[in-house]
Amino acid sequence: MNSLFTVSGTVLCIHLPAEIDHHTANSLCAEADRLIQKKYIRSVLFDFSETTFMDSSGIGMLIGRYKLMRFMGGVVMAVHVGPRMNRILEMAGINKIMDIFEEMPASG
């Protein structure tokens, strides 16, 4: 599961799997929270490049990390969100709480 997570400075990138269901969401939450606390993370970037399916557990995982980062003064973003996943995120209202990018945002 660790290959799904990369840390660069204070940015945690979570390379989401193809399917996010109850089981994968729980594992993602546990490891993300551990890294956020241990590495003093200030930004979480969810990479949806491989993701084709996400149920309500995945939505809960996103919202939970958003709340944690907001509490810690950080930010959460999503990138490589295709049309299907974008529709799911919009229906769940995720687009109202985090920036969603088709491509990696330019730094600087």
Side-chain angles (χ1 to χ4, degrees):
M1 165 118 336
N2 258 353
S3 63
L4 297 177
F5 299 88
T6 54
V7 176
S8 176
T10 59
V11 178
L12 170 63
C13 184
I14 303 173
H15 306 275
L16 298 171
E19 296 189 2
I20 305 169
D21 57 16
H22 177 72
H23 176 71
T24 54
N26 283 346
S27 299
L28 288 167
C29 286
E31 183 64 9
D33 290 355
R34 186 185 74 77
L35 289 169
I36 288 167
Q37 302 290 335
K38 184 178 177 187
K39 304 283 186 179
Y40 307 105
I41 297 300
R42 291 289 159 249
S43 302
V44 175
L45 181 65
F46 290 101
D47 185 343
F48 281 85
S49 298
E50 305 294 320
T51 310
T52 57
F53 172 83
M54 182 170 63
D55 67 11
S56 60
S57 301
I59 299 296
M61 182 265 306
L62 294 173
I63 292 171
R65 281 355 81 215
Y66 164 77
K67 287 180 176 179
L68 175 61
M69 290 307 297
R70 189 170 145 203
F71 174 76
M72 296 175 67
V75 296
V76 177
M77 299 167 282
V79 69
H80 299 135
V81 178
R84 182 178 181 177
M85 292 311 302
N86 194 48
R87 186 165 173 258
I88 291 170
L89 296 177
E90 283 183 358
M91 289 187 329
I94 298 294
N95 60 324
K96 291 179 174 66
I97 63 170
M98 72 175 70
D99 290 329
I100 298 173
F101 304 96
E102 284 185 28
E103 295 297 325
M104 197 68 76
S107 58

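Just so it is clear, the model here is predicted, and its values are computed rather than measured. All residue numbers in this chain count up from 1 along the given sequence.
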Can a donor-acceptor pair be found, under 3.5 Å and without considering hydrogens, that links the side chain of D33 to the backbone of I36? no
Return the minimal non-hydrogen interatomic distance between I20 and A25, and the atom names on each side. CG2-CB, 4.2 Å
So do E103 and H80 actually touch side chain to side chain, heavy atoms under 4.5 Å? yes
Euclidean distance, I94 CD1 relative to D99 CG, rounded to 0.5 Å: 12.5 Å
I59 with F46, same ILVMFWY side-chain cluster at under 4.5 Å: yes
Take L68 and Q37, measure what side-chain contact (heavy atoms from CB on, under 4.5 Å) needs, and give me the verdict at the end. CA-CA 10 Å; L68 175 61; Q37 302 290 335; 3.9 Å; yes
Using a 6.0 Å cut-off, check whether atom OH of Y40 has over 12 heavy atoms from anything other than its own residue. no
Closest approach of M72 and I41, non-hydrogen atoms and distance? CE-O, 4.4 Å
Output the distance between atom OG1 (T6) and atom CG (L12), rounded to the nearest 0.5 Å. 7.0 Å
E19 side chain reached by T24 side chain, heavy atoms, under 4.5 Å: no
Heavy atoms only: give me the nearest R65-G60 pair and the separation to one decimal. NH2-O, 4.5 Å
Check whether any side-chain heavy atom of S43 sits under 4.5 Å from a side-chain heavy atom of V75, and report yes or no. yes
Determine yes or no for a side-chain-to-main-chain donor-acceptor pair under 3.5 angstrom, with T51 supplying the side chain and A18 the backbone. no
Report whether F53 and I100 are members of the same hydrophobic cluster (ILVMFWY, side-chain heavy atoms less than 4.5 Å apart, transitive linking). no
Decide yes or no on side-chain contact (heavy atoms from CB on, under 4.5 Å) for L16 and M54, but give the supporting numbers first. CA-CA 10 Å; L16 298 171; M54 182 170 63; 5.7 Å; no
Can you give me the closest heavy-atom contact between P17 and L28, atom names plus distance? CD-CD1, 4.0 Å
Restricting to non-hydrogen atoms, name the atom on D47 and the atom on C13 that form the minimum distance, rounded to 0.1 Å. CB-SG, 4.1 Å
Please examine the side chains of R34 and F5, heavy atoms only from C-beta on, and report whether any two atoms are closer than 4.5 Å. no
If you take all heavy atoms of Y66 and V76, which pair is closest and at what distance? CA-CG2, 3.7 Å
Are V11 and V7 linked, directly or through other ILVMFWY residues, by side chains that come within less than 4.5 angstrom of each other? no
Shared hydrophobic cluster for M69 and F71 (ILVMFWY, side-chain gaps under 4.5 Å): yes
Contact between N95 and L89 at the side-chain level, heavy atoms closer than 4.5 Å - yes or no? no
Extract all donor-acceptor atom pairs below 3.5 Å that involve side chains of residues 81-88 and protein atoms in other chains or at least two apart in sequence.
unit_1, atom_1, unit_2, atom_2, d
N86, ND2, E90, OE2, 3.3

